[in-house]
Amino acid sequence: MTAIDPAVAELARWLEQARRIVVFTGAGISTESGIPDFRSPGGLWSRLRPVPFQEFLASEDARRAAWALTLSLHARLTSIEPNRGHRAVAELARRGRLTAVITQNIDGLHQRADPAQAVIELHGTSAYACCLDCGARYEIEPIRQVFETQGRVPYCTHCGGPVKAATISFGQAMPQAAMAAAERATRDADLFLVLGSSLVVHPAAGLVGLAKRAGARVVIVNREATDYDVIADLVIGGDIGAVLGAALAVD
Ligand code: NAD
Ligand code: ZN
């Protein structure tokens, strides 16, 4: 992908013209940092199946499997960095055109690219854990120590409830405040930019249709086709870092 690619040039123009840009990201923006996306063969997520919420609640074995996955992801996150795609999104924020970054990712890489950036995390975060009954917050490292030395999964010291990473598992209710904020920003956007999502996970993917109905230009940058390509005003099938880096002249 080069700067003279006509689709990238079009994207650059639209980013220049837009005043209320909403960026919507999925696992694809983090693959260039070395985190496999959901469907990568042989990746972390295909070796360790995410544990659905009902299973987490139902059995200690499921909680142990979920914690093995959380701790493995968390360990990996300490050794990786935001990439050119995250830096390009941060550049849009610096230019004052970005009203929201809505992410399905739990990796915290947008915030690490620009700590001042307000990020709406639709699927929560792996940065810490919470008691499912009373909401008390727990840090990951002490949980790791007990898990690795004694094989024990964490329970709340206040109420005894199960403690889980603050991510939204399959089957778990969406965070209402985050979803409402995402919908508000989407309705108000004049450009809705999708970066690296297969757009199959709902209700998050429904924001694309909402943006279109509310009159925004919709742009999708993704390596493979999505069901929403037909309603998009521009679809670019390249790597996010190269495409957005070229469009915004960010290395
Ligand atoms: P997904 O894996 O379903 O889709 C990612 C898409 O990005 C794919 O279509 C792929 O072709 C594309 N892609 C991958 N690398 C790319 C690149 N460098 N440039 C352009 N396109 C690229 O991800 P999703 O839509 O976010 O849904 C998966 C669910 O799993 C989400 O709910 C998310 O919370 C979770 N998840 C999060 C992470 C993370 O936090 N980094 C990682 C894996 C999964
Ligand atoms: Zn509790």
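All ligand and atom numbering here is 1-based and tracks the order in the structure.
Each of the following atoms of ligand 1 lies closer than 4.0 Å to a heavy atom of Gly196: 5 (C), 6 (C), 7 (O). Those atoms of ligand 1 that come under 4.0 Å of a heavy atom in Ala27, given as number and element, are 2 (O), 23 (O), 24 (P), 26 (O), 38 (C), 42 (C), 43 (C), 44 (C). For ligand 1, the atoms closer than 4.0 angstrom to any heavy atom of Ser198 are 1 (P), 3 (O), 4 (O), 5 (C), 6 (C), 9 (O), 25 (O). The Gly26 neighbourhood of ligand 1 comprises atoms 26 (O), with distances under 4.0 Å to a heavy atom of that residue. Close approach to Thr31 involves these atoms of ligand 1, each under 4.0 Å from a residue heavy atom: 14 (C), 15 (N), 16 (C), 17 (C), 18 (N).
The part of His123 lying near ligand 1 is the side chain, judged by heavy-atom distances below 4.0 Å. Contacts of Pro36 with ligand 1, taken as heavy-atom pairs under 4.0 Å, involve the backbone alone. Under 4.0 angstrom from ligand 1, the non-hydrogen atoms of Val201 all belong to its side chain. Heavy atoms of Glu32 found under 4.0 angstrom from ligand 1 belong exclusively to the side chain.
Other residues, nucleotides and ligands contribute at most 12 non-hydrogen atoms within 6.0 Å of the CD atom of Gln145.
By the criterion of a separation under 2.8 Å, the protein N/O/S atoms near the Zn ion (ligand 2) amount to Cys131 SG, Cys134 SG, Cys156 SG, Cys159 SG.
Residue Gly238 places a heavy atom under 4.0 Å from ligand 1. At least one heavy atom of Ile106 sits less than 4.0 Å from an atom of ligand 1.
A salt bridge does not link Asp107 to Arg112: none of the charged nitrogens lies less than 4.0 Å from a carboxylate oxygen. The pair Arg95-Glu91 meets the salt-bridge criterion, since a charged nitrogen lies less than 4.0 angstrom from a carboxylate oxygen.
For atom 35 (C) of ligand 1, the candidate residues are Arg223, Gln104, Glu224, His202; the nearest heavy-atom contact is made by Gln104.
Contacts classified as salt bridge (charged side-chain N to carboxylate O under 4.0 Å, His left out) and involving residues 188-210 (residues at least two apart or in different chains) are given here: Arg20-Asp188.
In the hydrophobic clustering of this structure, Leu122 does not group with Leu109; members are Ile, Leu, Val, Met, Phe, Trp, Tyr whose side-chain heavy atoms approach within less than 4.5 Å, directly or through other members. By the criterion of side-chain heavy atoms lying less than 4.5 angstrom apart, applied directly or through intervening Ile, Leu, Val, Met, Phe, Trp or Tyr residues, Ile231 is grouped together with Val194 in one hydrophobic cluster.
Looking at Ile240 next to ligand 1, an N or O pair under 3.5 Å apart turns up.
A side-chain contact (heavy atoms from CB on, under 4.5 Å) with Leu244 is found for one member of Leu15, Ile29, Val221 and no other, namely Leu15.
Under the 3.5 Å distance criterion, the side-chain polar atoms of Arg76 are matched with a main-chain donor or acceptor of Gly34. Distance alone, capped at 3.5 Å, is enough to place a donor-acceptor pair between the Thr99 side chain and the Ile21 backbone.
Listed by chain and number, the residues in a side-chain contact (heavy atoms from CB on, under 4.5 Å) with Ala211 are Thr186, Phe192, Ala216, Val218 (sequence neighbours excluded).
Ring-plane geometry between His86 and His110 is classed as perpendicular, the angle between the planes exceeding 60 degrees on a 0 to 90 degree scale with a lower cut at 30.
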Cut-off 3.5 Å, no hydrogens considered: what does the side-chain donor-acceptor table look like for residues 168-184, sequence neighbours left out?
residue, atom, partner, partner atom, Å
Ser169, OG, Lys164, NZ, 3.1
Gln172, OE1, Lys164, NZ, 3.2
Gln172, OE1, Ser169, N, 2.9

